Amino acid sequence: MGIRIFDIQRFSLQDGPGIRTTVFMKGCPLHCKWCHNPESISSDPDYLFYRDKCTGCGMCAKVCPQQVHSFQNGIHRIDRSRCTYCQSCTAACPQDALAIAGEIIDDEKLLRIVNRDRMFYAETEGGVTFSGGEPLYQAEQLLPILQKCKEKGLHTAIETASFVTWDRFELLYDFVDLWICDVKAVSEEKHIEGCGAGNQRILSNIRQLAEQPGVRIWIRTPVIPNFNDGEEEQRKIADFARELGKAVERTELLPYHDTGKSKYDALGKRYEAESDYIVGGK
């Protein structure tokens, strides 16, 4: 069956307890202006061109069957609409200036990768985390993988923005040991402004999740300057986490960083957070 992913990170220490393998899945219904994985938003593959690495050698244009690449007056131009993601150009580029984000990985191959570090999971109470993007977007495809992880005795976690229908939680609930729920804002107007959608479904899902027997939840909030770093919004987030009761084991405030900024240029997109929040603010 398989799931569509864009990265697998081994020896992760940021996505749940212990040493973990984090599987980053494609597709997300939100469009957060500061997203540090913009290649995760679309469910389809994405084409990235790192302009600063390109030396203009022209190897990509020579091998591309779709004429995606052209060079005019020393400028490397890319017609993404022609790309079929055959990866001929990425293989030919000597500078690693080109990349395709998004591949379907079958269950058995993914489990082999995850299983390589099980000795470290055992020593540190770690496991595997499915992040994104939004892993619940691919809930049906993810179910057999989670089932096999549990059969192998692996601790499982899902990091979710929770902007999905409740049935996707229900489908996976019995095979998830830890839910890491992102809460960017409690004020709906603010959430719409920063993430492109309201948050009533998000908050409702997390409340319903907290009512399930034996559930374990971490609440995670990226602190974005001039968006949710004010005392009022931080208090609302803290009150919401407190409202959920004992189901919440931990709350995390993640400092803002712009390490994903270069990806926006590589995707041909504008990094909205910089102009809307970080530089000018609102």
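These figures come from a predicted structure and were not determined experimentally.
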Do [Y] and [X] meet the salt-bridge criterion of a basic N to acidic O distance under 4.0 Å?
| X | Y | result |
| --- | --- | --- |
| Lys109 | Asp106 | no |
| Glu274 | Lys33 | no |
| Asp96 | Lys53 | no |
| Glu231 | Arg235 | yes |

Assess the residue pair Tyr277 and Glu193 against the criterion (side-chain hydrogen bond (donor to acceptor under 3.5 Å, both in side chains)); give the C-alpha distance rounded to whole Å, side-chain angles, the decisive distance to 0.1 Å, and a yes or no. CA-CA 11 Å; Tyr277 299 127; Glu193 171 199 318; 2.8 Å; yes
Residue among Val183, Thr160, Asp182 satisfying side-chain contact (heavy atoms from CB on, under 4.5 Å) with Arg220: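 The option that passes is Asp182.
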Can the positive tip of Arg80 be found less than 6.0 Å from the middle of the six-membered ring of Tyr47, inside 45° of the ring normal?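 Verdict for Tyr47: no cation-pi partner in Arg80.
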Counting C-beta onward and ignoring hydrogens, is there a side-chain heavy-atom pair between Val23 and Ser131 closer than 4.5 Å?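 SC-SC contact between Val23 and Ser131 ruled out.
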How about Tyr256 and Pro222: do any of their side-chain heavy atoms sit closer than 4.5 Å?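 Tyr256 vs Pro222: side chains apart.
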When Lys26 is tested against each of Asp44, Asp7, Asp46 for side chain to side chain donor-acceptor pair (under 3.5 Å), which residue passes?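 Of the listed options, the one satisfying the test is Asp46.
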State, to 0.1 Å, how close [X] and [Y] come at their nearest heavy-atom pair, and which atoms those are.
| X | Y | value |
| --- | --- | --- |
| Gly126 | His155 | O-CB, 3.3 Å |
| Leu146 | Val176 | CD1-CG2, 4.1 Å |
| Ile158 | Pro135 | CG2-CG, 3.9 Å |
| Lys236 | Ser187 | NZ-OG, 2.9 Å |
| Pro29 | Tyr137 | CB-OH, 3.4 Å |
| Phe71 | Ala61 | CE1-CB, 4.1 Å |

side-chain contact (heavy atoms from CB on, under 4.5 Å) evaluation trace for Leu111 with Cys149: CA-CA 8 Å; Leu111 287 167; Cys149 285; 3.8 Å; yes
For Glu189, is the CD atom crowded, meaning more than 12 foreign heavy atoms sit under 6.0 Å from it?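 No - once you tally the heavy atoms of other residues, nucleotides and ligands closer than 6.0 Å, there are 12 at most.
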Would one find more than 12 heavy atoms of other residues, nucleotides or ligands at under 6.0 Å from atom NZ of Lys152?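 12 or below, so no.
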Which distance, rounded to the nearest 0.5 Å, do you find between the [atom1] of [X] and the [atom2] of [Y]?
| X | Y | atom1 | atom2 | result |
| --- | --- | --- | --- | --- |
| Leu13 | Arg20 | CG | CZ | 10.5 Å |
| Ile105 | Gln141 | CD1 | CD | 14.0 Å |
| Tyr50 | Ser262 | OH | OG | 5.5 Å |
| Cys181 | Ile206 | SG | CD1 | 4.5 Å |
| Gln95 | Met59 | CD | CE | 11.5 Å |
| Gln212 | Phe169 | CD | CZ | 10.5 Å |

Ring centres under 6.0 Å, that's the criterion: do Phe11 and Phe120 meet it?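 Ring-ring flag for Phe11/Phe120: true, centres closer than 6.0 Å.
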Are Trp34 and Tyr271 an aromatic pair by the rule of ring centers under 6.0 Å?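 Ring centres of Tyr271 and Trp34 not closer than 6.0 Å.
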Got a donor-acceptor contact below 3.5 angstrom from the [X] side chain to the [Y] backbone?
| X | Y | answer |
| --- | --- | --- |
| Arg4 | Ser43 | yes |
| Asn199 | Val186 | yes |
| Thr156 | Phe175 | yes |

Under the side-chain contact (heavy atoms from CB on, under 4.5 Å) criterion, do Leu209 and Ile217 qualify, and how do the steps go? CA-CA 9 Å; Leu209 182 63; Ile217 299 174; 4.0 Å; yes
Check step by step if side-chain hydrogen bond (donor to acceptor under 3.5 Å, both in side chains) holds for Asp15 and Thr22. CA-CA 7 Å; Asp15 300 309; Thr22 302; 2.9 Å; yes
Applying salt bridge (Lys or Arg N to Asp or Glu O under 4.0 Å), run through Asp177 and Arg216 and close with a yes or a no. CA-CA 7 Å; Asp177 296 307; Arg216 298 175 59 202; over 6 Å; no
Could you go step by step and tell me if Asn37 and Lys263 meet the side-chain hydrogen bond (donor to acceptor under 3.5 Å, both in side chains) rule? CA-CA 8 Å; Asn37 287 324; Lys263 296 180 183 179; 3.0 Å; yes
Would you check if there is a donor-acceptor pair between the side chains of Asn115 and Arg118 at a distance under 3.5 Å?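 Distance-only check passes for Arg118 and Asn115.
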I would like to know whether Thr221 and Lys184 meet side-chain hydrogen bond (donor to acceptor under 3.5 Å, both in side chains); could you show each step before the answer? CA-CA 5 Å; Thr221 300; Lys184 283 97 171 178; over 6 Å; no
